[in-house]
Structure formats: structure tokens, C-alpha cells
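So you know, we letter chains A, B, ... as the sequences are listed, proteins then strands, and number each from 1. Here the structure is a predicted model, which means the values were calculated and not measured.
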Protein chains: 2
Amino acid sequence: MMNYHDPHQHIFRALADPTRRAILSMLSQGERPIGEIASEFEMTRPAVAKHLKILKEGDLISITEAGRERIHSLNPTPLKSASDWLNFFDQFWDDKLTQLKTQVEQSND
Amino acid sequence: MMNYHDPHQHIFRALADPTRRAILSMLSQGERPIGEIASEFEMTRPAVAKHLKILKEGDLISITEAGRERIHSLNPTPLKSASDWLNFFDQFWDDKLTQLKTQVEQSND
DNA sequence: TTGACATGAAACCATTTGGTTTTATATATA
DNA sequence: TATATATAAAACCAAATGGTTTCATGTCAA
């Protein structure tokens, strides 16, 4: 079950967890090794490492090895495709605004 | 565990499943009762009903009762907040483009 | 070179998720 | 009224998810 080849799947799946979204925000301020990332959360390092693995599967982070550290940095590009998917719905959001505006104008007659 | 009061949580959770994203796309073309929605997927109606429940929890759909039918329609407004969250990262995506552009320009010297 | 540090990897666990089948209820329709 | 239709609701299940603890490995530094 759940064997869709939806190109967005890995990204939306990665975004579904609040810890992972927080990690992305954190990495937007600069690259960090795992230990440093983990110290910001109330969970163990292996738990954070698993989240990082899922972010990696969505290609949302890049990893470079530096001695015994593995530096994680944000790879924002794939977020664009999720953003594009969502932006399709902007037209309906705009429609709602237009409808509202029309109603307001009519009520001013 | 997982008791975040993250305002985006319900929305991103709803978006994490490909069936639910497909339902949103489908509803963007017009409102439909459950049975009609379910007939488009290779799963039982109760399964689709559960997906609709999760979409409802994210306030992404509205439901109006019409006799024995329950008409589901897209409520696109909350998608804006997910879109806003993602658009924060556009600056980094743009940075990448800028960097690339700069590199290209330098290589042309 | 010895010990501390940063990480990976594996085994394990409870809960959630995404599906099913079955049963019940309210509304249309012949 | 009897029957078919649209849905809800509950019980159940396998697999995925999000966490833990424990152990192994490679790298840095005294």
C-alpha cells in the first residue's frame, strides 16, 4: 500500500512533522552538526538523527563530513515544488477575496 | 508526545498523504458528495471518509448536508498559511539563484 | 596511546496511520 | 410501505512513525 510515485510525497511527508519543520527553520540560520541540532530539542540525538534522515530523503538538507562531525545544511530548492503545488490554490483563495469584495461593494449600494 | 500547539500542524499533517492532496485537487474543480469522491479512488468509502475527516480537522474542506448526502467543498483559505510558511524559504531559493548567476557572470570575465 | 567526543546502527516499544469489514441509521424512491 | 441509497460508526488489523536504550566505530586531543 501507499506506493505512489508522487514527486511531492517525500517533501510533504518530511514537512508533516513539527520537529522537522523546526529543524528546517533552524538550518535556515546556518549549517550545524547533529549534536548542536539535537541540543535544541527535548529528545535524544538518535531521534533527531532519524528526523534528519527523513529530511535527507526529501533532499531538503545536504550533509558534508568534517572530521568526526557531519555538518547539515538547508537545501531549500525542493521546497519550491511544494510551494508551487500550494500556490495552485491561490486562485481559489483570490476568488474568495474577490467574492468578499463584491459583496462589500454591493452592500454599499 | 507530539503535543505541539503549532498552528500549521493540522494543515501539514493533512497534506502529507497523496490521497488527501488528490482530494483537494479534485474539490478544486467543484464540490462533491463522499460517494462520488470515493469512486475516484481504489479504496473503500470508509477509507476515503477518514481522509475527509482529517481534511476537515485541518479546516481544508467544508461540509453541507443535502438530504442524505453530505457535500464536501474545498476551503482553500488555510492553505495560505502553509504557503506562507514555505514562502519564507523563497529567499534562500533566490539566494541560490543569485549565487549561480554571480558564478556564471564571473566565469564570463 | 589513551580517553573523550561525534556519530551510526541496531533492537526494541507504544502509538498512530491507513486501510478493511460489518452493522446501523436516515433519506429517497418505486 | 418496502426497498434501495448515502452515509456514519465501530471493531479490527498490519505497517509506519516517533521515540527509546544500548553498543560499535572513527576522530580528535592530552
Open item on the list: If you only use heavy atoms from C-beta on, which nucleotide in dA6(D), dG18(D), dT20(C) is closest to the side chain of Ile54(A)?
Closed with: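 Of the options given, the side chain of Ile54(A) lies nearest dG18(D).
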Return the value, rounded to whole Å, for the distance between atom [atom1] of [X] and atom [atom2] of [N].
X	N	atom1	atom2	answer
Glu57(A)	dT17(D)	CD	C1'	12 Å
Leu55(B)	dG18(C)	CG	C1'	13 Å
Glu69(A)	dT25(D)	CD	P	21 Å
Arg20(A)	dA16(D)	CZ	C1'	12 Å
His72(B)	dA6(D)	NE2	P	14 Å
Leu52(B)	dA8(D)	CG	P	8 Å
Met43(B)	dG19(C)	CE	P	4 Å
Gln9(B)	dG18(D)	CD	P	9 Å

Does a nitrogen or oxygen in the side chain of [X] sit under 4.0 Å from OP1 or OP2 of [N]?
X	N	answer
Arg68(B)	dA8(D)	no
Arg45(A)	dG8(C)	no
Thr44(B)	dT20(C)	yes
Arg13(A)	dT17(D)	yes

TODO: Would you name the heavy atoms of Met26(B) and Arg32(B) that are closest together and state the gap between them?
DONE: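 Minimum heavy-atom contact is O-NH1, 3.1 Å.
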- [ ] Please work out if Pro46(B) contacts a base, only the sugar-phosphate, or nothing of the nucleic acid, heavy-atom cut-off 4.0 Å.
- [x]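 Pro46(B): base contact, heavy atoms under 4.0 Å.
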Open item on the list: Determine whether a donor-acceptor pair (one donor, one acceptor, N or O, separation below 3.5 Å) exists between the side chain of Arg70(A) and the base of dT7(C).
Closed with: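 No such pair is found, so the answer is no.
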Open item on the list: I'd like to know whether Ile61(B) forms a side-chain contact (heavy atoms from CB on, under 4.5 Å) with Leu55(B), so could you lay out the CA-CA distance, the side-chain angles of the two residues, the decisive distance to 0.1 Å, and finally the verdict.
Closed with: CA-CA 6 Å; Ile61(B) 58 175; Leu55(B) 288 169; 3.9 Å; yes
Task: Nearest-0.5 Å distance, CG of residue Asp17(A) to CD of residue Gln9(B) - done: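 Result: 7.0 Å between the selected atoms.
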- [ ] Examine distances only and state if a side-chain atom of Arg21(A) and a backbone atom of Leu15(A) form a donor-acceptor pair shorter than 3.5 Å.
- [x]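 Such a contact is found between Arg21(A) side chain and Leu15(A) backbone.
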Task: Ser83(B)-Asn87(A) side chain donor-acceptor pair, cut-off 3.5 Å - done: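 A donor-acceptor contact under 3.5 Å links the two side chains.
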Task: Toward the 5' end of DNA chain D, by each residue's nearest nucleotide, Ile71(B) or Lys50(B) - done: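 It is Ile71(B), whose closest nucleotide lies nearer the 5' terminus.
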